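First the structure, in the form of structure tokens, and then the observations on it.
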Amino acid sequence: MTAPLHQRIRADIEARIRSGEWAPGHRVPFETELVAQYGCARMTVSKAMAGLAEAGLIVRRRRAGSFVALPRMHAPVLNIPDIQASILARGETYAFRLLSRRVRAARRDAPADVELAAGGELLELEGVHNAAGRPFALERRLVSLKAAPNMAAADFTSASPGAWLLEHVAWTEAETRISAANADADVARLLALEPATACLIVDRHTWRGPDHVTRVRQIFPGDAYDLVARFGPGA
């Protein structure tokens, strides 16, 4: 039995997306173009596009058209996800673009700084995680050099700061806080977003025993990240 035309249109577009022929950010043909290509009614094409959007494969933007969605990163709430490993596991190219790096003392008027430094210095980092050549997340991180002294000279060309820490510094406890905000002008510029785009913010603090290791804020476009938790009845 032949599938309905809207399902065939959806399958054709989905195949191009999943094969990589249409990369994240690629503009899908306008509905009027698809109507002409398939010789069908506008409603048929709209039904196919609605299904693709519901599946998270495309993003529909008013007046601009439809675009291949950035793949979502699924992060377990009770774990520390490695952005670099997650992107590479999807078969996409990964790069970390370091924007700034400096070693500094804790600010005396910032109790959180003093607590993290524990009498030592802090490594302050800002950078952008890129997936398939596009900005994926903005990261602003402080690291206690008392807990991770070798990180001061670490090279982040092949490994992001988070991946470096996961490999070199064992952690025993982590606290994660999730919030949401619209991108300000600086965040929008660095993530190639429209100003005021909804973003998900992940703030994480990790310890090794009683010692503070790092505090990081990661900002994701709202359509690029979700959180997953699975609990039993005794949780």
Side-chain angles (χ1 to χ4, degrees), residues 1-77 81-95 97 128-138 178-184 187-202 218-230:
M1 183 175 178
T2 304
L5 183 54
H6 73 87
Q7 291 183 8
R8 284 186 280 145
I9 295 171
R10 173 178 170 170
D12 287 349
I13 294 174
E14 184 170 344
R16 290 186 172 187
I17 293 172
R18 295 196 182 281
S19 70
E21 180 183 347
W22 287 357
H26 177 89
R27 186 182 69 77
V28 178
F30 288 114
E31 289 192 7
T32 52
E33 296 176 276
L34 292 171
V35 165
Q37 179 181 338
Y38 286 93
C40 62
R42 180 75 174 263
M43 186 179 298
T44 302
V45 170
S46 293
K47 193 171 183 179
M49 300 297 277
L52 290 164
E54 186 177 347
L57 291 171
I58 65 169
V59 176
R60 305 176 87 178
R61 297 175 185 162
R62 193 174 178 182
R63 297 191 183 92
S66 298
F67 299 83
V68 177
L70 286 168
R72 299 177 70 86
M73 181 174 139
H74 303 281
V77 175
D82 182 345
I83 294 176
Q84 178 175 350
S86 298
I87 291 171
L88 291 173
R90 294 199 301 251
E92 296 178 346
T93 57
Y94 171 83
R97 181 164 61 96
V128 175
H129 298 268
N130 287 290
R134 294 172 56 85
F136 183 79
L138 173 63
I178 311 299
S179 60
N182 293 336
D184 61 25
V187 170
R189 175 178 59 83
L190 293 172
L191 291 179
L193 301 172
E194 292 294 326
T197 297
C199 291
L200 188 87
I201 301 172
V202 178
Q218 294 167 336
I219 305 174
F220 300 83
D223 61 357
Y225 191 102
D226 60 15
L227 297 156
V228 181
R230 182 172 180 175

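These figures come from a predicted structure and were not determined experimentally.
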Atom of [X], atom of [Y] and distance for their closest heavy-atom approach:
X	Y	value
Thr197	Glu194	OG1-O, 2.6 Å
Ala48	His6	CB-O, 3.3 Å
Ala183	Cys199	CB-SG, 3.9 Å
Leu191	Ile219	CD1-O, 3.7 Å
Ala131	Glu92	CB-OE1, 3.6 Å
Cys40	Val45	SG-CG2, 3.6 Å

Looking at residues at least two apart in the chain, or sitting in another chain, which of them share a side-chain hydrogen bond (donor to acceptor under 3.5 Å, both in side chains) with Arg42?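 By the side-chain hydrogen bond (donor to acceptor under 3.5 Å, both in side chains) rule, Arg42 matches Glu31.
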Go through the structure and list residues passing side-chain hydrogen bond (donor to acceptor under 3.5 Å, both in side chains) with Arg189, not counting sequence neighbours.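 Arg189 satisfies side-chain hydrogen bond (donor to acceptor under 3.5 Å, both in side chains) with Asp186 once adjacent residues are dropped.
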Flag yes if more than 12 heavy atoms outside Glu54 fall under 6.0 Å of its CD atom; otherwise flag no.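 Open: at most 12 neighbouring heavy atoms sit under 6.0 Å from CD of Glu54.
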Test item: Asn130 side-chain N/O and Gly133 main-chain N/O as donor-acceptor pair under 3.5 Å: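 Looks like no, no N/O pair under 3.5 Å.
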Examine distances only and state if a side-chain atom of Arg8 and a backbone atom of Ala3 form a donor-acceptor pair shorter than 3.5 Å.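 Yes.
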Between Leu52 and Glu14, does the side chain to side chain contact (heavy atoms under 4.5 Å, CB included) criterion hold? Intermediate values first, please. CA-CA 7 Å; Leu52 290 164; Glu14 184 170 344; 4.1 Å; yes
Nearest 0.5 Å, what's the CG-CD1 distance between Leu34 and Ile13?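 Answer for the CG-CD1 pair, Leu34 versus Ile13, is 5.0 Å.
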As an exercise, state the distance from CG of Leu138 to CZ of Arg97, rounded to the nearest 0.5 Å.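 Answer rounded to 0.5 Å: 9.5 Å.
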Quick one: do Val28 and Met49 satisfy side chain to side chain contact (heavy atoms under 4.5 Å, CB included)? Show the steps, please. CA-CA 10 Å; Val28 178; Met49 300 297 277; 3.8 Å; yes
One pair to check against side chain to side chain contact (heavy atoms under 4.5 Å, CB included): Asp12 and Arg16. What are the steps and the verdict? CA-CA 7 Å; Asp12 287 349; Arg16 290 186 172 187; 5.9 Å; no
For Arg61 and Val59, what are the C-alpha separation, side-chain angles and deciding distance, and is it a side chain to side chain contact (heavy atoms under 4.5 Å, CB included)? CA-CA 6 Å; Arg61 297 175 185 162; Val59 176; 4.1 Å; yes
Taking only residues at least two apart or on different chains, which pairs with a member in residues 23-59 satisfy ring-ring contact (aromatic ring centres under 6.0 Å, His included)?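 For residues 23-59, and leaving out neighbouring residues, the ring-ring contact (aromatic ring centres under 6.0 Å, His included) pairs sorted by first residue read Trp22-His26.
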Decide yes or no for [X] and [Y]: does some side-chain heavy atom of the first lie under 4.5 Å from some side-chain heavy atom of the second?
X	Y	result
Leu57	Val68	no
Ile83	Gln218	yes
Phe67	Ile58	no
Ile201	Ile178	no

Could you tell me how the ring of His129 sits relative to the ring of Tyr94: parallel (under 30°), tilted (30 to 60°) or perpendicular (over 60°)?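 Tilted: the ring planes of His129 and Tyr94 meet at 30° to 60°.
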Are any of the side-chain nitrogens in Arg27 or Glu33 under 4.0 Å away from the carboxylate oxygens of its partner?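 Here Arg27 pairs with Glu33 in a salt bridge, since their nearest N and O are under 4.0 Å apart.
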